[in-house]
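Take a look at the structure set out below.
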2 protein chains.
Amino acid sequence: MSAREPRQIASDAGLSKQRVVAEAVRLADREGVDGLSMRRLASALGAGAMSLYHYVASKEELLDAMIDIVFEEIELPPEETDWQSAMRRRAVSARQVLAHHPWAIGLMESRTSPGPANLRHREAVTACLRRAGFPVLMATHANWLLDSYVYGFALQEASLPFDTADELADMTENVFLPQLPPDEFPYLNESAAALVAAGYDPAEEFIFGLDLVLAALEPLRASA
Amino acid sequence: MSAREPRQIASDAGLSKQRVVAEAVRLADREGVDGLSMRRLASALGAGAMSLYHYVASKEELLDAMIDIVFEEIELPPEETDWQSAMRRRAVSARQVLAHHPWAIGLMESRTSPGPANLRHREAVTACLRRAGFPVLMATHANWLLDSYVYGFALQEASLPFDTADELADMTENVFLPQLPPDEFPYLNESAAALVAAGYDPAEEFIFGLDLVLAALEPLRASA
DNA sequence: TTGACAATCGTACAGCGTACGTCCATAGTA
DNA sequence: TACTATGGACGTACGCTGTACGATTGTCAA
């Protein structure tokens, strides 16, 4: 056997589906999903465009795999605590992950077949709810409600044109308010002013609604 | 003045921004947002691709206008009833509209500047909450919570690979269950079986979570 | 040495958004 | 009636895209 490495031209070691998909996620994080092309992805990996098709059957499959990587990053509900703490943990984790990969939210609408990490995640959440005493159909309801809140919040957060409280203040003064004549939009004006004054933190906002939902679900379980 | 119409070659009367955007929405409904290209849209209107650019500055602007048409279709909260009924009406309407235009959900993530119909809608919802007695910041919280639920539900619904209870039963038996070994996914198996047995109606599922959220918000308003 | 095989590549094609320049029916003016 | 200005529609072109196809390469079994 020769002392030579198998192959190694431009950037790194050999390709693999893992490496391809992981780099695709990085690229989408940086440039958005519209900036992700097979050529750009390939050149980020130091390869030719067609080489990618040995690891991924099509761009569609690549996108599916990217979504599943995102689900892999979301913390599963821990088993050792009460159900509310467990669901809060995983919901907070989901929001964080989706905030890091905003393209994933928009992608979900068009991808209908769940990947393995997605399935593992759903299984763990359902298990948590069932063990907490929710009847089968009630666990389904709770699942829908919680997931709707998490995804919807992430979707709204992704479409905000600012990231920090300072940026919010700037944009409110220079962009929003000029577009909102006070006589036509009195309540939005009031609301914008109050929001700037109070400061705005998406993490806090998220927790508020989440705890409200969790508390509302509590009486629906048949406590052991 | 001549008896001759101004212009009329292939399909209809003259173009206009309204007609262009409305046809774009129809096309996206039929073929998804990926199937919407300037050429296909133009040919659906009996025009050349470049003619569209007289009414829309770019495809981005077209997409923004499409989103705003969707918001125009959503019923505003009626003023004559109690706040819960009003919010339920507009939430149900929003779900229906988004179910008809699933591409809109995925689009929102990338479009950060709200159109006029969007602003009118937000103003009306905020007004309804404020008049019901919610303090300013509490109205903001309620807004976030309700919108998160509506958008998130629509997002999940759009990513379901079936539309009717029958299709669910078919797909569960022939697609899902074969992918879900009972020892690895006991709870998902149980849940799928119960769901097929109970029948599934997204409208009912939506109302369940919605009413739960509305009831949870009730004590947070300073009732007059 | 030969052959099989998987990984990688260059090339090609149709379709995309859109910049640019041209055409022509109409409106306004003389 | 003749002339010009205007603005909507269009054809062409450029640089992208996803990916089908065939050729090239490195590696290993027989």
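In what follows, chains are A, B, ... by sequence order, proteins preceding strands, each numbered from 1. Note that these values count all heavy atoms, side chains included, but never hydrogens, waters or copies made by symmetry.
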To the nearest angstrom, the CG-C1' distance between A:D34 and C:dC16 comes to 12 Å
| query | Can you list the steps and then say if A:W103 with A:D29 is a side chain to side chain donor-acceptor pair (under 3.5 Å)? | reply | CA-CA 7 Å; A:W103 47 266; A:D29 289 345; 2.6 Å; yes
When B:R95, B:R89, B:R88 are each screened for salt bridge (Lys or Arg N to Asp or Glu O under 4.0 Å) with B:E75, the one that passes is B:R89
In short, side-chain hydrogen bond (donor to acceptor under 3.5 Å, both in side chains) pairs touching residues 35-49 of chain B with sequence neighbours left out are B:E31-B:R40
Taken to the nearest whole Å, CG/A:L15 to P/D:dG26 is 16 Å
d(B:L107 CG, B:D64 CG) to nearest 0.5 Å is 8.0 Å
Here the gap from A:N174 atom CG to A:Q179 atom CD, rounded to the nearest 0.5 Å, amounts to 12.0 Å
Expected list for residues 20-30 of chain A near DNA chain C, using heavy atoms below 4.0 Å, is none
(request) Could you check if a side-chain atom of A:Y55 sits within less than 4.5 angstrom of a side-chain atom of A:Q18, using non-hydrogen atoms only? (result) no
Whole-Å distance, A:L52 CG to D:dG18 C1', equals 11 Å
In whole angstroms, the gap separating C1' of C:dC20 from NE2 of B:H54 amounts to 12 Å
B:K17 atom NZ is separated from D:dG8 atom P, nearest whole Å, by 14 Å
Kindly give the atom pairs (protein nitrogen or oxygen, nucleotide nitrogen or oxygen) under 3.5 Å for nucleotides 17-19 of chain C.
{"from": "C:dG17", "atom 1": "OP1", "to": "B:M38", "atom 2": "N", "distance (Å)": "3.3"}
{"from": "C:dG17", "atom 1": "OP1", "to": "B:K59", "atom 2": "NZ", "distance (Å)": "2.7"}
{"from": "C:dG17", "atom 1": "OP2", "to": "B:M38", "atom 2": "N", "distance (Å)": "2.8"}
{"from": "C:dG17", "atom 1": "N7", "to": "B:R39", "atom 2": "NH2", "distance (Å)": "2.6"}
{"from": "C:dG17", "atom 1": "O6", "to": "B:R39", "atom 2": "NH2", "distance (Å)": "2.8"}
{"from": "C:dT18", "atom 1": "OP2", "to": "B:Y53", "atom 2": "OH", "distance (Å)": "2.5"}
{"from": "C:dT18", "atom 1": "OP2", "to": "B:K59", "atom 2": "N", "distance (Å)": "2.9"}
{"from": "C:dT18", "atom 1": "O5'", "to": "B:Y53", "atom 2": "OH", "distance (Å)": "3.4"}
{"from": "C:dT18", "atom 1": "O4", "to": "B:R39", "atom 2": "NH2", "distance (Å)": "3.3"}

Atom OH of B:Y55 and atom P of D:dG7 are separated, to the nearest Å, by 13 Å
- Message: For B:R111, is there an ion pair with B:E60 - N to carboxylate O distance below 4.0 angstrom?
- Response: yes
I'd like to know if A:K17 pairs up with A:E61 as an ion pair, taking the criterion as any Lys NZ or Arg NE/NH1/NH2 lying under 4.0 Å from an Asp or Glu carboxylate oxygen. yes
Rounded to whole Å, the CG-P distance (A:L45 to C:dA7) equals 15 Å
| task | Go through B:H100 and B:E73 one step at a time and tell me if the side chain to side chain donor-acceptor pair (under 3.5 Å) criterion holds. | result | CA-CA 11 Å; B:H100 276 95; B:E73 289 181 16; over 6 Å; no
Can you check whether B:S51 has a side-chain N or O nearer than 4.0 Å to OP1 or OP2 of D:dC10? yes
